[in-house]
Novice: 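Input: one structure, supplied below.
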Amino acid sequence: MKREMHYVVKDQIATLTLARPKQLNALTSNLLEELADALEEANQDEEVRVIVLTGEGRGFCAGQDLKTVSPELDHGEYLQQYYHPVVRALAKSKKPTIAAINGVAAGAGLSLTLACDFRLVHAEAKLSLGFINIGLVPDAGAPYFLPRLIGAAKATELALLGDTISAEEAVSLNLATRSIESEKFVEEVTAFARQLADRPTKVIGYIKQLQAASYENNLEEMLAQEIIYQSRAGKTEDHRHAVESFIEKKRPVFVGR
Ligand code: T3D
């Protein structure tokens, strides 16, 4: 079967590119399986220190390929089988994840970006949940992530009205990390990824796990969690090296361990 995405690791940055440009990278079951496998590989590979998800051509991702779903499809089963492994692999990744939204992101295409740590949006890109426009509920993690990212009121508005928003609006809602002018898109995404790849990767994993735990725990439980994770962070090579570097007035070079 023809591959529908590309997976490249360069300079410790894994780039996963959705590659069905004629269909604006609309998601098929095959593409979702490839994506889940690539994420698993990136998550396991110790060489990889940042994961970037992007799209080929003028779109990022137009959501589920509506031409490949049959009317008999049980949408719940489809979600469970094909989307949820991808959402989990992104959301539970111990490495920093960046959605480099190079063009339109709609439906589940937008949902997948919400499971990433950062959303860098091409200044011309349009974003829309869009599910309501085809009589579906938001899915692929959006009902979990969206209210947490932008608050319940705005999440409800986007979900019920299905409005399309610009990159600039996405930044003002805190939905996007930043908007990037077209001619600088690749360069700025690469620089942003590089900056993260040079940070203490193992400790980034701890920070992500700790912050994720705050959704489930009360203050006392979180204080107990921070004891665990700070104890681990304090034993990393990067922490020891950073303190030595500080004392010697040198710039630390983090190795990610
Ligand atoms: O169980 C489940 O089903 C799982 C969960 C589903 C989750 C979902 O993602 S539901 C939401 C699905 N997505 C949409 O509803 C978005 C549909 N697409 C659009 O509204 C528009 O295409 C866009 C706003 C994204 C972009 O508009 P525009 O004008 O820039 O491009 P276009 O001309 O509409 O599309 C270009 C081509 O891509 C076109 O192909 P053609 O006619 O030239 O051969 C179009 O059909 C194709 N395309 C775009 N989106 C999809 C698609 N093909 C299949 N599925 C799509 N979602």
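Quick note: numbers below take in every heavy atom, side chains included, and nothing from hydrogens, waters or symmetry partners. Numbering starts at 1 and runs along the sequence shown. Counting starts at 1 for both ligands and their atoms, in listed order.
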Novice: Can you tell me if Lys126 has a non-hydrogen atom under 4.0 Å from ligand 1?
Specialist: no
Novice: Examine ligand 1 and decide if any of its atoms is less than 4.0 Å from a heavy atom belonging to Tyr82.
Specialist: no
Novice: Does a donor on one side chain and an acceptor on the other come within less than 3.5 Å for Tyr7 and Glu41?
Specialist: no
Novice: Test your reading of the structure: does Phe131 have an N or O sitting under 3.5 Å from an N or O of ligand 1?
Specialist: no
Novice: I'd like to check whether Asp139 has a polar contact with ligand 1, where a contact means an N/O of the residue lying under 3.5 Å from an N/O of the ligand.
Specialist: no
Novice: Please determine whether residues Tyr83 and Tyr144 belong to a single hydrophobic cluster, defined as Ile, Leu, Val, Met, Phe, Trp and Tyr linked transitively by side-chain heavy-atom distances below 4.5 Å.
Specialist: yes
Novice: Sort out for me which residue in Leu35, Ile101, Val86, Leu39 forms a side-chain contact (heavy atoms from CB on, under 4.5 Å) with Leu53.
Specialist: Leu35
Novice: Given Gln64, Glu77, Lys67, which has its nearest heavy atom closest to atom 39 (C) of ligand 1?
Specialist: Lys67
Novice: Looking at Thr201, is its backbone amide N or carbonyl O close enough to the side chain of Lys95 to form a donor-acceptor pair, meaning the two atoms are under 3.5 Å apart?
Specialist: no
Novice: Any protein heavy-atom neighbour for atom 20 (O) of ligand 1 (distance below 4.0 angstrom)?
Specialist: no
Novice: Between Arg240 and Glu237 (salt bridge meaning N to carboxylate O under 4.0 Å), is one present in this structure?
Specialist: no
Novice: Mark up the atoms of ligand 1 that fall under 4.0 Å of a heavy atom belonging to Gly107, in ascending order.
Specialist: 9 (O), 11 (C)
Novice: Identify whether Leu127 and Leu90 are in the same connected component of the hydrophobic contact network (ILVMFWY, side-chain heavy atoms under 4.5 Å).
Specialist: yes
Novice: I need the contact type for Thr164 against ligand 1. Using non-hydrogen atoms and a strict under-4.0 Å cut-off, is it side chain, backbone, both or neither?
Specialist: neither
Novice: Below 4.0 angstrom, counting only protein heavy atoms, does anything approach atom 29 (O) of ligand 1?
Specialist: no
Novice: May I ask whether atom 34 (O) of ligand 1 is less than 4.0 Å from at least one protein heavy atom?
Specialist: no
Novice: Would the distance check show the side chain of Tyr206 and the main-chain N or O of Ile228 forming a donor-acceptor pair, the cut-off being under 3.5 Å?
Specialist: no
Novice: Is there a polar contact, in the sense of an N or O pair closer than 3.5 Å, between Tyr83 and ligand 1?
Specialist: no
Novice: Counting each atom of ligand 1 from 1 as listed, which ones have a heavy atom of Gly63 under 4.0 Å away?
Specialist: 9 (O)
Novice: Do any N/O atoms on Ala62 end up under 3.5 angstrom from N/O atoms on ligand 1?
Specialist: yes
Novice: I'd like to check which ligand 1 atoms, numbered from 1 as shown, lie under 4.0 Å from a non-hydrogen atom of Lys22.
Specialist: 37 (C), 38 (O)
Novice: Closer than 4.0 Å and a protein heavy atom, does any atom meet both conditions relative to atom 26 (C) of ligand 1?
Specialist: yes
Novice: Please answer: with hydrophobic residues joined when any side-chain heavy atoms are less than 4.5 Å apart, are Phe60 and Val189 in the same cluster?
Specialist: no
Novice: Cation-pi between Arg232 and Tyr229: NZ/CZ under 6.0 Å from ring centre and within 45° of the ring axis?
Specialist: yes
Novice: Below 3.5 Å, N or O to N or O, backbone or side chain included: is there any such pair between Leu66 and ligand 1?
Specialist: yes
Novice: Record the part of Ile134 in heavy-atom contact with ligand 1 below 4.0 Å; permitted values are side chain, backbone, both and neither.
Specialist: side chain
Novice: Rounded to the nearest 0.5 Å, what separation is found between the CG atom of Leu160 and the CD1 atom of Ile132?
Specialist: 6.0 Å
Novice: side-chain hydrogen bond (donor to acceptor under 3.5 Å, both in side chains), that's the test. Do Glu169 and Ser166 meet it? Break it down for me.
Specialist: CA-CA 5 Å; Glu169 285 171 292; Ser166 65; 3.2 Å; yes
Novice: Heavy atoms only: which of Arg20, Gln23, His75 is nearest to atom 47 (C) of ligand 1?
Specialist: Gln23
Novice: Describe, in one word, how the ring planes of Phe185 and His122 are oriented to each other, choosing from parallel (under 30°), tilted (30 to 60°) and perpendicular (over 60°).
Specialist: tilted
Novice: Side chain, backbone, both or neither: which part of Ala108 has a heavy atom under 4.0 Å from ligand 1?
Specialist: both
Novice: Quiz question for you: does at least one protein heavy atom lie closer than 4.0 Å to atom 43 (O) of ligand 1?
Specialist: no
Novice: What I want to know is whether Arg58 and ligand 1 share at least one N or O pair that is separated by under 3.5 angstrom.
Specialist: yes
Novice: Report yes or no: does Asn102 contribute a side-chain atom to a donor-acceptor pair with the main-chain N or O of Gly57 at less than 3.5 Å?
Specialist: yes
Novice: By number and element, which atoms of ligand 1 are closer than 4.0 Å to a non-hydrogen atom of Ala26?
Specialist: 55 (N), 56 (C)
